[in-house]
Every structure is written in C-alpha cells, then in structure tokens.
K.L.:
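Take a look at this one; I'll ask things after.
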Amino acid sequence: MVQLQRPSHVFMSGRLLPWDEATVHVSSESLIRAASVFEGVKGYWDAGDDVFSLLAVRAHYDRLASSARLLHLPFEMSFDEFQDALAQLVRKLLVPGRDLWLRPTLLAVEGHWGLDTLTDLVVTGYTLPQERPEPIDIGVSRWQRAGDLAQPARLKSSANYQVGRLARIEGRGRGFQEMLLLNPAGRIGEATGACVLVVRGGTVITPPPTEGCLESITVDIIERLCRRLAIPFVRRPLDCTEVFLADEVFLAGTLAELVPVRRLEDHTFGAETPVTGALADAFWSVVRGTSTHPEIELSAVPLESPAVSGLVRT
Ligand code: PMP
C-alpha cells in the first residue's frame with residue numbers, strides 16, 4: 001500500500017526535505033478548501049539495462065498545468081524544472097528492482113478565496129513491486145460523479161477524490177476492490193482511480209471525459225496500442241448495462257495500469273480475455289522497455305549521482 005509508506009524524503013519548496021519536515025500550515029487554503037491539484041506519475045525500473053524511466057511526464061505536466069489553470073492556482077514551474085524535481089526525488093528514493101509512483105501536488109499555501117494565492121509544488125514518492133495487476137472484483141457505487149458545473153471530473157483536483165473515498169469505503173464493506181462511479185445520467189463515468197473500458201464484439205469502448213471521467217493518459221496510451229494491434233477503439237457514452245453485457249472489462253490508470261475485471265457485482269465475466277490480454281502484454285512490454293512505441297514517451301532519469309551509486313541491489 002503506497003499510502004502507508006513513509007519515505008525518507010519529499011520534494012517541497014524547491015528542494016528535498018526529510019519526510020517529517022515537509023509540512024504546511026493548518027490555515028492554508030489547500031487544507032481548509034481543498035485547493036490543490038495533483039498527478040500520479042509512474043516510473044519503471046528496467047533491470048536489464050539498469051535504467052529507470054518515467055512514463056508520459058510531458059502529458060502529466062500539461063494536465064497538472066490545465067488543472068491548476070482551471071482552479072486559478074498559479075503554476076510557474078517550467079517543464080524542465082518539473083522534470084528535475086521528479087528526478088531529484090527518484091534519485092533519493094529509488095531502490096533497484098522496484099518501481100516508483102510519484103505524486104506531484106500543487107498546493108495553495110497562501111491566499112484567501114482565490115485572492116493572493118501562492119502555491120508550492122510538493123512531490124512524494126513511493127516504491128512498488130514489479131508485478132502485473134491481478135484480476136479484480138468491482139461494484140457499482142451508490143455515490144456518483146458530479147456534473148461538469150459542480151465538480152469537473154476532467155480536473156485532477158484533490159476535492160474530486162472525496163466521492164471516490166466514500167465509494168471505496170462502501171466497496172470495501174461489500175468485498176470489492178474498486179467501484180464504478182456513474183454520472184448524473186446514470187451512465188458510466190469512471191472508477192475511483194481509473195477509467196473503465198469494455199470489449200464488445202472485438203471493439204474496445206470507453207466513455208469520453210464529457211461523461212464524467214478524467215482525461216486519462218493511460219487511455220490515450222491504450223488507444224495508440226489498439227491502433228498498433230488493429231483493435232477497433234471507440235470513445236462513446238457507455239450504459240451501465242453494457243458493462244454487464246461486455247465480453248471483457250478492464251480498468252486503466254497510471255497506478256492501476258491495465259487491470260482485468262473478473263466480477264462486476266453479481267456477474268462473473270468469462271475467463272477468456274484475448275483483447276485485454278493482448279493490450280496488457282503490449283503495455284507491459286513498452287513500459288518495461290522490451291519494445292518501443294514512437295508515440296509512447298518513456299524518459300530515462302539520469303542516475304549518475306552519489307545518492308544512487310551507494311544503493312544495494314535487491
Ligand atoms: N480516473 C481517476 C479518478 C483517476 O484517479 C485516474 C488515475 N489518475 C484515472 C481516471 C486514470 O488517469 P491516468 O490514466 O491519467 O492515470
């Protein structure tokens with residue numbers, strides 16, 4: 001569980017700080033009005049070449065900048081400075097043989113109802129084992145995604161995760177590992193931390209962000225993999241019943257990667273998942289560096305630093 005780790009350092013206020021020193025004031029707008037936006041960036045350790053690479057950093061930077069703009073949170077950092085902040089933390093926390101999940105969060109540390117706002121980019125990072133996701137059981141939550149004018153889902157704000165938290169608590173009580181959030185029209189929005197994709201008659205179908213989901217970077221990657229594998233890919237509204245009727249269902253997200261769904265509520269899907277399997281294999285081989293894709297950006301983090309050279313291999 002990444003959230004339960006207490007890594008040694010955090011990037012904050014332009015430098016690395018020991019975990020216990022990375023604090024914000026109790027009066028900050030990030031705390032009292034949830035004025036913060038964030039990203040989750042995945043980094044992959046490639047044992048063959050001793051290389052550590054971050055996936056789609058530019059896309060994450062761009063989406064963080066868009067979320068910040070929508071919430072009127074100043075974000076002055078250049079892309080190079082952003083990349084450097086992530087690289088500093090990677091060099092501090094990297095354990096050869098493990099992957100990392102980085103969480104850059106832009107916090108409103110000063111300001112009042114959008115006046116005189118000052119922000120700080122904080123990055124936390126957590127190590128992960130190099131394991132492919134196992135199939136999961138999911139439910140349909142009684143909590144819903146709000147409409148675009150209430151709580152825009154395409155914005156990755158911390159406040160958006162309040163409903164996801166409620167849905168996960170509900171799901172845990174019902175024995176589910178993830179929950180689907182419907183939109184106000186009763187169609188599929190997304191899961192609490194991933195997007196929803198189904199396979200019907202050989203076509204991959206996923207709702208567009210106008211249905212109440214994040215503009216997912218992983219879904220964009222899956223679209224490109226579908227093009228390479230000649231699998232039809234469509235973005236269109238998805239009724240809840242279509243998920244029950246689907247041949248295959250899977251979730252996609254940076255942390256989740258590509259997770260097959262075994263059961264939805266009381267419905268168990270067939271064991272044969274050829275499309276999900278082909279896409280998961282293709283995704284795995286690109287992020288692990290065993291194949292490349294011209295449109296999927298993996299950027300190696302420079303590791304030539306004394307902080308890393310002292311690391312012991314696991
Ligand atoms: N929806 C939600 C609510 C998420 O938290 C995530 C994970 N960031 C996604 C969708 C998938 O987005 P991405 O592929 O960009 O990680």
Side-chain angles (χ1 to χ4, degrees), residues 2-3 34 36-44 54-67 86 99-106 123-126 128 133 136 138 140-141 143-148 150-171 177-183 187-198 204 206-226 233 235 238 243 249-259 261 279-280 283-284 286-287 295-298:
V2 294
Q3 292 87 346
S36 69
V37 293
F38 73 102
E39 284 297 316
V41 182
K42 184 86 194 275
Y44 293 88
L54 294 170
L55 180 62
V57 188
R58 168 62 79 170
H60 285 288
Y61 172 83
D62 289 345
R63 192 171 62 187
L64 187 66
S66 299
S67 297
L86 301 189
D99 294 335
L100 275 172
W101 183 71
L102 305 177
R103 189 188 202 278
T105 307
L106 188 72
V123 191
T124 47
Y126 307 89
L128 294 167
I136 58 169
I138 66 173
V140 180
S141 180
W143 296 99
Q144 294 190 348
R145 269 275 159 262
D148 186 50
Q151 187 124 56
R154 61 161 51 77
L155 167 75
K156 200 163 168 64
S157 69
S158 304
N160 272 9
Y161 287 78
Q162 200 59 252
V163 158
R165 180 174 176 273
L166 291 170
R168 282 204 190 187
I169 291 168
E170 175 200 1
Q177 288 128 297
E178 246 290 15
M179 296 297 276
L180 300 187
L181 296 167
L182 305 182
N183 63 26
R187 293 189 295 267
I188 299 296
E190 59 186 342
T192 67
C195 281
V196 183
L197 300 97
V198 303
V204 174
T206 192
T210 46
E211 288 291 297
C213 62
L214 194 64
E215 294 179 344
S216 162
I217 292 163
T218 317
V219 171
D220 289 347
I221 290 174
I222 289 169
E223 184 175 18
R224 290 170 197 145
L225 294 176
C226 280
F233 178 96
R235 293 181 200 253
L238 193 62
V243 186
V249 178
F250 61 99
L251 306 181
T254 299
L255 183 60
E257 298 184 336
L258 212 147
V259 200
V261 173
L279 286 169
F283 183 85
W284 188 257
V286 170
V287 296
E295 293 173 284
I296 300 174
E297 178 219 329
L298 263 184

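Numbering of residues begins at 1 and proceeds along the displayed sequence. One-based numbering, in listed order, for ligands and for the atoms of each.
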K.L.:
Under a 3.5 Å threshold, I'd like every N/O contact between ligand 1 and protein atoms, with atom names and distance.
P.N.:
from: ligand 1; atom 1: 1 (N); to: E190; atom 2: OE1; distance (Å): 2.5
from: ligand 1; atom 1: 5 (O); to: K156; atom 2: NZ; distance (Å): 3.3
from: ligand 1; atom 1: 5 (O); to: Y161; atom 2: OH; distance (Å): 2.5
from: ligand 1; atom 1: 8 (N); to: K156; atom 2: NZ; distance (Å): 2.9
from: ligand 1; atom 1: 14 (O); to: S216; atom 2: OG; distance (Å): 2.6
from: ligand 1; atom 1: 14 (O); to: I217; atom 2: N; distance (Å): 3.4
from: ligand 1; atom 1: 14 (O); to: T218; atom 2: N; distance (Å): 2.9
from: ligand 1; atom 1: 14 (O); to: T218; atom 2: OG1; distance (Å): 2.5
from: ligand 1; atom 1: 15 (O); to: R63; atom 2: NH1; distance (Å): 2.7
from: ligand 1; atom 1: 15 (O); to: R63; atom 2: NH2; distance (Å): 3.0
from: ligand 1; atom 1: 15 (O); to: I217; atom 2: N; distance (Å): 2.8
from: ligand 1; atom 1: 16 (O); to: T254; atom 2: N; distance (Å): 2.9
from: ligand 1; atom 1: 16 (O); to: T254; atom 2: OG1; distance (Å): 2.6

K.L.:
With a 4.5 Å limit on heavy-atom distance, are the side chains of I188 and L182 in contact?
P.N.:
yes

K.L.:
Please examine the side chains of L55 and T254, heavy atoms only from C-beta on, and report whether any two atoms are closer than 4.5 Å.
P.N.:
no

K.L.:
Check salt bridge (Lys or Arg N to Asp or Glu O under 4.0 Å) between E295 and all other residues, then give those that pass, not counting sequence neighbours.
P.N.:
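So E295 forms a salt bridge (Lys or Arg N to Asp or Glu O under 4.0 Å) with R227.
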
K.L.:
Can you tell if the side chain of R165 reaches within under 4.5 Å of the side chain of T192, non-hydrogen atoms only?
P.N.:
no

K.L.:
Let me confirm one number: the OG1-CG distance from T218 to L255, rounded to the nearest 0.5 Å.
P.N.:
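One finds 9.5 Å between OG1 of T218 and CG of L255.
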
K.L.:
Measuring only between side-chain heavy atoms, which start at C-beta, is R63 closer than 4.5 Å to L214?
P.N.:
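They are in contact (side-chain heavy atoms under 4.5 Å apart), so the answer is yes.
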
